[in-house]
Amino acid sequence: MKNIAILGGRLIDPLNNTDQVADLYLAGGKIVGVGATPAGFVIDETINAKGLLVSPGLVDLAARLREPGFEYKATLASEMAAAVAGGVTSIVCPPDTDPPLDEPSLVTMLRQRAKNLDLARLYPVGALSRQLKGLELTEMAELRDAGCVAFSQGDQAVGNLQILYRAMQYAATFDVALRLLPQEADLNAGVAHDGDYATRMGLAGIPVLAETVAISNILLLMKETGARVHLCRLSSMAGLDLVRTAKKQGLPITCDVSINHIHLADVDIGFFDSNYRFDPPLRSVRDRDAIVAALADGTIDAICSDHSPVDDDGKLLPFAEAEPGATGLELLLPLTLAWAERQHIPLAQALAKITAVPAKMLGFAAGLEVGHRADLVIFDPEAHWQVTPAALKSQGKNTPFVGMEMKGQVVHTLVKGKRVYQLAL
């Protein structure tokens, strides 16, 4: 490994809420100096960061890499390249591959492939039930030993409460977390938020009740079992109110929101644009504003990209038939910066939602301190760039932000003290 000096950058450390201009020194995959040059440090490589911001690398809690099974949508290589181009150094991938991640051998294979690519770090989530069918639990202990950081049904609802109850008992026994998308299957048959806009468009609606009923069941089972649960991609004001109350009661619950739901609402669907189809759906402007408020008051712990590359065949369909999801790894940083600027959120506080907080959930500290991981993103907060298919390294080009101008561009990404991405001049 090279000894690297990052000189003259503005260091934003969300973990310690600090903001300073200083040099940073890396060796052996770790930060070995902040400010003064460490004794005996021999510089092998210098990165000029003057005028740039230096932050811990982004930690994305939900990014589908599409392998194994969906290589026609994206490959592990293409999405890992997209991750580091977006400053994402740690990726949590859901288990809804084909086959699902319900066997230790599949998890081991995926981790080894990611290791061979030597780009971002990979944190697989194991399947909660075999084949994600919600009928039989997986061997969570074996999957944990193979490297799974949590257990989930992916985007599938756990239709059987008895199975969910047993899963929580199992998870509490082995002290592993469950990551659950709160959706009540019997209420989740639509394609858009159940409101006036869906009615006028003739689209089948998904009521907020689909989220709140599921959250209520999860909270009751948590109280009974003591299990730790992370709720994924909350979408409604009513759902957030339930989580806010649960946190005040001391339940071990955390949650995140998709970057798309911070900026968009159901009215943005326009003329049935399938790039705006998400699961959960984009809800009302009132719900979107409640999400923004919940980010500010700490109810929502983290922001994720909800990266879901889809091929053209999956999107070039009528809205109701199109596959939900959007590419997001390369947009997580600029869209987070846009939210922070609009809401006058301090930069360190905003970046914490995509660095220090999700890192803590994964069991490591993401800060700019001696001894911490040298997983870093160096970016120009004032650089403007346009979202086009050619500008995205992801194999998935589907995004509602296509054609829009972004502010904030990654210049360098380092993982384990090695530069894995550099913006082409």
Side-chain angles (χ1 to χ4, degrees), residues 60-76 78-79 82-83 91-101 125 127 131-134 152-157 159 181-183 185 187-194 197-198 201-206 210-211 232-233 235 257-261 263-266 268-283 304-332 335 387-389 392-403:
D60 194 343
L61 289 177
R64 290 158 198 80
L65 306 177
R66 297 309 193 191
E67 282 198 44
F70 300 106
E71 289 82 358
Y72 62 94
K73 297 180 183 179
T75 65
L76 196 62
S78 68
E79 303 320 289
I91 302 173
V92 177
C93 64
D96 45 4
T97 51
D98 185 18
L101 300 181
V125 174
Q131 295 296 303
L132 297 176
K133 293 182 177 179
S152 169
Q153 280 290 100
D155 288 348
Q156 302 297 316
L181 180 66
Q183 293 183 347
L187 298 171
N188 197 44
V191 297
H193 170 60
D194 187 16
Y197 198 74
M201 296 179 72
L203 296 172
I206 300 174
E211 183 167 280
C232 304
R233 311 198 314 271
S235 67
V257 65
S258 156
I259 192 67
N260 303 296
H261 286 71
H263 291 278
L264 305 173
D266 58 350
D268 295 309
I269 293 172
F271 294 101
F272 303 95
D273 188 340
S274 61
N275 280 319
Y276 290 81
R277 184 170 176 199
F278 292 97
D279 189 12
L282 297 172
R283 297 206 179 272
C304 70
S305 73
D306 191 25
H307 178 71
S308 304
V310 178
D311 63 325
D312 288 343
D313 289 344
K315 282 295 184 183
L316 296 178
L317 291 168
F319 187 90
E321 300 171 28
E323 185 174 345
T327 191
L329 280 167
E330 295 160 87
L331 302 177
L332 180 58
L335 289 175
V387 181
T388 64
L392 297 174
K393 292 191 178 296
S394 171
Q395 190 171 316
K397 309 300 182 182
N398 53 300
T399 168
F401 299 99
V402 68

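For the numbers below, each heavy atom of this structure counts, side chains included, while hydrogens, waters and symmetry mates do not.
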Of all residues at least two apart in sequence or in a different chain, which pass the side chain to side chain contact (heavy atoms under 4.5 Å, CB included) check with [X]?
| X | result |
| --- | --- |
| A265 | V267, D268, V285, R288 |
| P280 | L181, Q183, R233, S235, H261 |
| K397 | P389, L392 |
| L316 | D312 |

- Are any non-hydrogen side-chain atoms of P95 and L132 less than 4.5 angstrom apart?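 Contact flag for P95/L132 side chains = yes.
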
- Task: Using a 4.5 Å cut-off on heavy atoms from C-beta on, say whether the side chain of D60 contacts that of L332.
- Result: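 Yes, at least one pair of side-chain atoms sits under 4.5 Å.
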
Sequence-distant partners of [X], side-chain hydrogen bond (donor to acceptor under 3.5 Å, both in side chains), two or more places apart:
| X | value |
| --- | --- |
| R64 | D155, D306, S308 |
| E67 | R113 |
| S394 | E79, T327 |
| S258 | N260 |

What's the shortest heavy-atom distance between [X] and [Y], and which atoms?
| X | Y | value |
| --- | --- | --- |
| R277 | F319 | CD-O, 3.4 Å |
| V92 | P94 | O-CD, 3.8 Å |
| A192 | I269 | CB-CD1, 4.5 Å |
| A63 | L329 | CB-CD2, 4.0 Å |
| G328 | H307 | N-ND1, 2.9 Å |

- Query: Counting distance only, does the side-chain N/O of E330 pair as donor-acceptor with the main-chain N or O of K393 below 3.5 Å?
  - Reply: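 Answer holds: yes.
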
- Query: Considering residues at least two apart in sequence or located in another chain, which fulfil the salt bridge (Lys or Arg N to Asp or Glu O under 4.0 Å) criterion with E323?
  - Reply: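 Listed in chain order: R66, K73.
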
- With sequence neighbours left out, what residues match D311 under salt bridge (Lys or Arg N to Asp or Glu O under 4.0 Å)?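 Result, salt bridge (Lys or Arg N to Asp or Glu O under 4.0 Å) vs D311: none returned.
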
- Query: How many angstroms lie between atom CD of Q131 and atom CG of D96, to the nearest 0.5 angstrom?
  - Reply: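 Reported value, rounded in 0.5 Å steps: 12.5 Å.
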
- Item | From Y276 atom OH to T399 atom OG1, the distance as rounded to the nearest 0.5 Å |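 If I round to the nearest 0.5 Å, the distance is 8.0 Å.
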
